[in-house]
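Please read the structure below before turning to the comments.
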Amino acid sequence: QVQLVESGGGLVQAGGSLRLSCAASGDTFSNYAMAWFRQAPGKEREFVAATKWSLGTTFAADSVKGRFTISRDRAKNTVYLQMNNLRPEDTAVYYCAAKNTVAVFITQREYNYWGRGTQVTVSS
């Protein structure tokens, strides 16, 4: 049973930084795609960033490019989302997602494992 547990959320002022972690367990993740999505109040869940576990290739939404970086530590089975220069519009619940696949997807319906989310609040 694959489990994903997010941590690292919190309250930060605009311009600040946070690093989210997603601890993965329950499988060998070498063939997985891992992603971060976020959902703000009253809005649909949206793609933030994704990575292919084996190759480390990364993808990011235009809205976060240059500010957010996704990475993984294979020894710790953990995926990170480093978020710099945060803006109030980045306020959302951030979810970690995973899928055993050769590809990397940016649509939430492709991912079959999800964490419970961690709240990020950016004050102006």
task = For the residue pair T78 and D73, confirm or rule out a side-chain donor-acceptor distance under 3.5 Å.
result = no

query = For the side chain of T91 and the backbone of T121, is there at least one donor-acceptor N/O pair under 3.5 Å apart?
reply = no

ask   = Roughly how far apart are Q13 CD and S123 OG, rounded to 0.5 Å?
value = 5.0 Å

query = With under 30° as parallel and over 60° as perpendicular, where do the rings of F105 and Y111 fit, or are they tilted in between?
reply = perpendicular

ask   = Can you name the one residue among N84, N85, V12 that meets side-chain contact (heavy atoms from CB on, under 4.5 Å) with S17?
value = N84

query = Given the rule that I, L, V, M, F, W and Y join up when any side-chain heavy atoms are under 4.5 Å apart, are V93 and V122 in one cluster?
reply = no

query = When rounded to the nearest 0.5 angstrom, what distance separates CG in L4 from OG in S25?
reply = 7.5 Å

query = Is there side-chain contact between K52 and N31, with heavy atoms separated by less than 4.5 Å?
reply = yes

key: Rounded distance (nearest 0.5 Å) linking atom CE of M34 with atom CG of N77   = 8.5 Å

key: Closest non-hydrogen atom pair between F29 and A24, with its separation   = CZ-CB, 3.6 Å

task = Kindly give the heavy-atom pair with the smallest separation between A14 and S124, and that separation in Å.
result = CB-CA, 4.3 Å

task = Fit a plane to each ring of F37 and W114, take the angle between them on a 0 to 90° scale, and name the class: parallel (under 30°), tilted (30 to 60°) or perpendicular (over 60°).
result = tilted

inquiry  = Check this for me, if you would: do R87 and D90 make a salt bridge, where the nitrogen-to-carboxylate-oxygen distance has to be below 4.0 angstrom?
reply    = no

query = Does a side-chain heavy-atom distance below 4.5 Å link V120 with L18?
reply = yes

key: Non-neighbouring partners of E46 that pass salt bridge (Lys or Arg N to Asp or Glu O under 4.0 Å), sequence neighbours left out   = R38

query = Can you tell me if T101 uses its side chain to pair, donor with acceptor, with the backbone of A103 under 3.5 Å?
reply = yes

task = Measure from the side-chain N and O atoms of E6 to the backbone N and O of G117, and report whether any donor-acceptor pair falls under 3.5 Å.
result = yes

task = Could you grab the distance from atom CZ of F47 to atom CD of E110, nearest 0.5 Å is fine?
result = 12.5 Å

inquiry  = Nearest 0.5 Å, please: how far is OG1 in T57 from CD1 in I70?
reply    = 10.0 Å

query = Do F68 and L86 come close enough that some side-chain heavy atom pair is under 4.5 Å?
reply = yes

ask   = Side-chain donor-acceptor pair under 3.5 Å between Y32 and D27, yes or no?
value = yes

query = So if you build clusters from Ile, Leu, Val, Met, Phe, Trp, Tyr with side-chain heavy-atom gaps below 4.5 Å, do L81 and Y113 land together?
reply = yes

ask   = Does any non-hydrogen side-chain atom of W36 lie less than 4.5 Å from one of L20?
value = yes

request  = State, to 0.1 Å, how close S54 and S30 come at their nearest heavy-atom pair, and which atoms those are.
outcome  = CB-O, 3.1 Å

note = Closest heavy-atom pair, Y95 versus G115, reported as atoms and distance to 0.1 Å, is CD2-O, 3.6 Å

From Q39 atom CD to Y94 atom OH, the distance as rounded to the nearest 0.5 Å = 12.0 Å

inquiry  = Can you confirm if the NZ or CZ of R72 lies within 45° of the ring axis of Y80 and under 6.0 Å from the centre of its six-membered ring?
reply    = no

